[in-house]
Amino acid sequence: EALAAARRVGYPVMVRPSYVLGGRAMEIVYDDAHLRGYMSRARAGAERPAVLIDRFLADAAEIDVDAVSDGRDVFIAGIMEHIEEAGIHSGDSACTLPTHSLTPAALETVSRYTRRLALKIRVRGLVNIQYAVKDGAVYILEANPRASRTVPFVSKATGLAVAQLATAVIMGRKLSALLPKAFLDAPPALPYTATKEVVLPFIKFPGLDPRLGPEMKSTGEVMGLDADFPRSFAKSQEASGMSLPKTGAVFLSVKDEDKAAIIPVARELLRLGFTIIATRRTREFLARHGLEAALAAKIGEGKPDVADLIRQKAVSLVVNTPSGKRERADGFVIRRTALELDVPFITNIRSCQAALGAISAAKAASGSSGMEVRPIQDYYRDLGPEVRAAGRRLAAA
């Protein structure tokens, strides 16, 4: 039945046991053999071996929306864009408020869908809706009539106590009495960017592959605030414990699907003064595009191999997006070695692109007065009198 469903939907598919939280045992499956193995494990480990099979949107941007509805009006508290592509659990993905790459048309569609859904399912209070945007089309992933883990982030980023607002609505207050009408038409624009980043416990668990996927692994969150996305992302990385390097060598090893996207990444790394180390196939691909890289042996195929270079502190950043059985095994050794030696590593292209912007911003800042440090109250003063007045009203509600 699973094979028939997957073939009808079309690979790749997202599979998961039904009735789970946190993406437990979720996997992206690419072919019949992979699905057979997954179903064998699901049947052996579940009392009720019901499995959901969904189409997986490769290379889609994922969007999180937190909103409050009173049954008549809807206040969209925050539209957040994930850094990592769809397929990484939302609880493990970094995200930004406001969004950093969505078109005005996509944002308008997301806002319209959010209002229609919240009213149609008769929400009184908080609702969280997750979307994916691919090739200009907006897909609804799920709608949850409850608070989400992003509510504290949205509240702190915007200066509006979203949970307090939702509580007042649940107790019978109307949004029109609590917020300016303009806020119900469109949320107030932020004059800065907030980036949420997750804290991952990989180092606590020997033998665990430090790779993001559809199963949630994070145990906490941090936030970076600054004037723009690159600077706020740089701060969020430092706060999460992964300070991005400004100099040194970067190891690149990417799956075939990411080869085209790695070209501008490599060019920017070289422009920023980094040297590049790559395994044979990636190095040959870069050379065909006029980009120079030093050669590193694959794991077990010579000395020094990639893991040796990381141990020798010859690498300051690892970018590894593996695929296939052999590549996954090698990637595990590379990622685990980097983790244990506190070398920053990135496992998807979108995060790599964001990291490059952050490194560029950090290098520019180091040449002047450095990254600006401001208390959050100073950022709130930039929000404008209407937002500050709404915040005071909510505090007294």
**Q** Within the distance-only criterion (no hydrogens, no angle test), does the side chain of Ser351 pair as donor or acceptor with the backbone N or O of Asn348 below 3.5 angstrom?
**A** no
**Q** Would you say the side chain of Leu295 lies within less than 4.5 Å of the side chain of Arg280, judging by non-hydrogen atoms?
**A** yes
**Q** Does any pair with a residue in residues 380-397 pass salt bridge (Lys or Arg N to Asp or Glu O under 4.0 Å), and if so which ones, sequence neighbours excluded?
**A** Arg374-Asp382, Asp378-Arg381
**Q** Can you name the nearest heavy-atom pair linking Pro245 to Leu317, along with the distance?
**A** CG-CB, 3.9 Å
**Q** Thr195 and Ser232: side-chain donor and acceptor closer than 3.5 Å?
**A** yes
**Q** Is any side-chain heavy atom of Leu119 closer than 4.5 Å to a side-chain heavy atom of Arg72?
**A** no
**Q** Output the distance between atom CD1 (Ile53) and atom CZ (Arg8), rounded to the nearest 0.5 Å.
**A** 8.5 Å
**Q** With the side chain counted from C-beta on, respond yes when Val74 and Leu184 share a heavy-atom pair under 4.5 Å apart, and no when they do not.
**A** no
**Q** Please confirm whether the backbone N or O of Val199 pairs with a side-chain atom of Ser218, one donor and one acceptor, at under 3.5 Å?
**A** no
**Q** Would you say the side-chain atoms of Ser360 pair up with the backbone N or O of Leu356, donor to acceptor, closer than 3.5 Å?
**A** no
**Q** Just so I know, are the side chains of Phe56 and Val13 near enough to count as touching, which here means a heavy-atom distance under 4.5 Å?
**A** no
**Q** Are the side chain of Arg283 and the backbone N or O of Ala293 linked by a donor-acceptor pair below 3.5 Å?
**A** yes
**Q** Is a donor from one side chain sitting under 3.5 angstrom from an acceptor on the other, for Glu81 and Thr96?
**A** no
**Q** Distance from Asn320 atom CG to Ile346 atom CD1, nearest 0.5 Å?
**A** 11.0 Å
**Q** For Glu238 and Ser243, test the side chains for any donor-to-acceptor distance below 3.5 angstrom and give the result as yes or no.
**A** no
**Q** More than 12 foreign heavy atoms under 6.0 Å from CD of Gln312: is that the case here?
**A** yes
**Q** Taking the six-membered ring for Trp, are His34 and Tyr38 ring centroids under 6.0 Å apart?
**A** no
**Q** What residue pairs, at least two apart or across chains, pass salt bridge (Lys or Arg N to Asp or Glu O under 4.0 Å) with a residue in residues 94-121?
**A** Glu108-Arg112
**Q** Looking at every non-hydrogen atom in both residues, tell me the closest pair between Phe285 and Ile263 and how far apart they are.
**A** CE2-CD1, 3.4 Å
**Q** Rounded to the nearest 0.5 Å, what separates atom CG in Asp70 from atom OG in Ser176?
**A** 6.5 Å
**Q** Write down the atom of Ile276, the atom of Glu292, and the distance for their closest heavy-atom approach.
**A** CB-O, 4.1 Å
**Q** Find out whether Met80 and Pro98 are in side-chain contact, i.e. whether some heavy atom of one side chain is under 4.5 Å from a heavy atom of the other.
**A** no
**Q** Strictly distance-based, threshold 3.5 Å: is any side-chain N or O of Thr321 a donor or acceptor partner for the main-chain N or O of Lys255?
**A** yes
**Q** In terms of hydrophobic clusters joined by side-chain contacts under 4.5 Å, are Tyr139 and Leu102 together?
**A** no
**Q** Between Leu165 and Leu160, is any pair of side-chain heavy atoms under 4.5 Å apart?
**A** no
**Q** Is it possible for you to say whether Phe205 and Leu341 belong to one hydrophobic cluster, with membership spreading through side-chain heavy-atom contacts below 4.5 Å?
**A** yes
**Q** For residues 140-147, please give each side-chain donor-acceptor pair under 3.5 Å, one per line with the distance, not counting sequence neighbours.
**A**
from   : atom 1 : to     : atom 2 : distance (Å)
Glu142 : OE2    : Asn144 : ND2    : 2.7

**Q** Looking only at side-chain N and O atoms, does Asp64 offer a donor or acceptor that is under 3.5 Å from a partner on Thr150?
**A** no
**Q** Given the rule in the side chain to side chain contact (heavy atoms under 4.5 Å, CB included) test, do Asp54 and Val9 qualify, once you have shown the distances and angles that lead to the verdict?
**A** CA-CA 7 Å; Asp54 292 312; Val9 171; over 6 Å; no
**Q** Taking only residues at least two apart or on different chains, which pairs with a member in residues 152-168 satisfy salt bridge (Lys or Arg N to Asp or Glu O under 4.0 Å)?
**A** none
**Q** Between Thr282 and Ala278 (side chain of the first, backbone of the second, donor and acceptor by atom type, cut-off under 3.5 Å), is there such a pair?
**A** no
**Q** Run Phe251 and Ser253 through side chain to side chain contact (heavy atoms under 4.5 Å, CB included) and show every step you take.
**A** CA-CA 7 Å; Phe251 171 71; Ser253 176; 3.5 Å; yes
**Q** Determine whether Ser148 and Asp66 satisfy the following criterion, side chain to side chain contact (heavy atoms under 4.5 Å, CB included), listing intermediate values before the conclusion.
**A** CA-CA 8 Å; Ser148 79; Asp66 283 325; 2.9 Å; yes
**Q** Using a strict threshold of under 4.0 Å (side-chain N to carboxylate O), is an ion pair present between Glu284 and Arg281?
**A** no
**Q** Kindly write out the residues that satisfy salt bridge (charged side-chain N to carboxylate O under 4.0 Å, His left out) with Arg336, not counting sequence neighbours, or none if the list is empty.
**A** Glu340
**Q** Can you find a pair of side-chain heavy atoms, one from Lys259 and one from Val254, that are under 4.5 Å apart?
**A** yes
**Q** For the pair Lys298 (side chain) and Asp305 (backbone), establish whether a donor and an acceptor sit closer than 3.5 Å, ignoring hydrogens and angles.
**A** no
**Q** Any donor and acceptor pair, going by atom type alone, linking the side chain of Lys235 with main-chain N or O of Glu372 inside 3.5 Å?
**A** yes
**Q** Can you hop from Val127 to Phe183 via hydrophobic side chains spaced under 4.5 Å?
**A** no
**Q** Walk me through it: do Arg350 and Glu84 pass the test salt bridge (charged side-chain N to carboxylate O under 4.0 Å, His left out)?
**A** CA-CA 6 Å; Arg350 286 177 185 265; Glu84 291 81 5; over 6 Å; no
**Q** I'd like to know if the side chain of Ser316 and the backbone of Ala249 have a donor-acceptor N/O pair within less than 3.5 Å.
**A** yes
**Q** Identify all side-chain donor-acceptor contacts of residues 185-194 below 3.5 Å with residues at least two apart in sequence or on another chain.
**A**
from   : atom 1 : to     : atom 2 : distance (Å)
Asp185 : OD2    : Lys181 : NZ     : 3.3
Tyr192 : OH     : Ala157 : O      : 2.6

**Q** Which is it for Asp73 and Lys174 under the salt bridge (charged side-chain N to carboxylate O under 4.0 Å, His left out) test, yes or no, and what are the steps along the way?
**A** CA-CA 8 Å; Asp73 292 310; Lys174 294 296 181 184; over 6 Å; no
**Q** Could you measure the distance from the CD atom of Glu27 to the CE atom of Met14? Nearest 0.5 Å is fine.
**A** 10.0 Å
**Q** Any salt bridge linking Lys134 with Asp59? Criterion: basic side-chain nitrogen under 4.0 Å from a carboxylate oxygen.
**A** no
**Q** Locate the shortest heavy-atom distance separating His100 from Ile83; write the atom from each residue and the value.
**A** CE1-CD1, 3.7 Å
**Q** Of the non-hydrogen atoms in Cys95 and Phe153, which two are nearest, and what is the gap between them?
**A** SG-CE2, 4.0 Å
**Q** Can you name the nearest heavy-atom pair linking Ala314 to Ile277, along with the distance?
**A** O-CD1, 4.1 Å
**Q** Within the distance-only criterion (no hydrogens, no angle test), does the side chain of Tyr131 pair as donor or acceptor with the backbone N or O of Glu62 below 3.5 angstrom?
**A** no
**Q** Determine, step by step, whether Val68 and Val162 satisfy the side chain to side chain contact (heavy atoms under 4.5 Å, CB included) criterion, reporting the C-alpha distance in whole Å, the side-chain angles of both residues, the deciding distance to 0.1 Å, and the verdict.
**A** CA-CA 8 Å; Val68 179; Val162 180; 4.0 Å; yes
**Q** Ion pair present between Asp32 and Arg7, side-chain N to carboxylate O less than 4.0 angstrom?
**A** yes
**Q** Are any non-hydrogen side-chain atoms of Met242 and Phe345 less than 4.5 angstrom apart?
**A** no
**Q** Just how far is it from atom NZ of Lys246 to atom CD1 of Ile359, taken to the nearest 0.5 Å?
**A** 9.0 Å
**Q** Atom OG of Ser93 and atom CD1 of Ile88: how far apart are they, to the nearest 0.5 Å?
**A** 7.0 Å
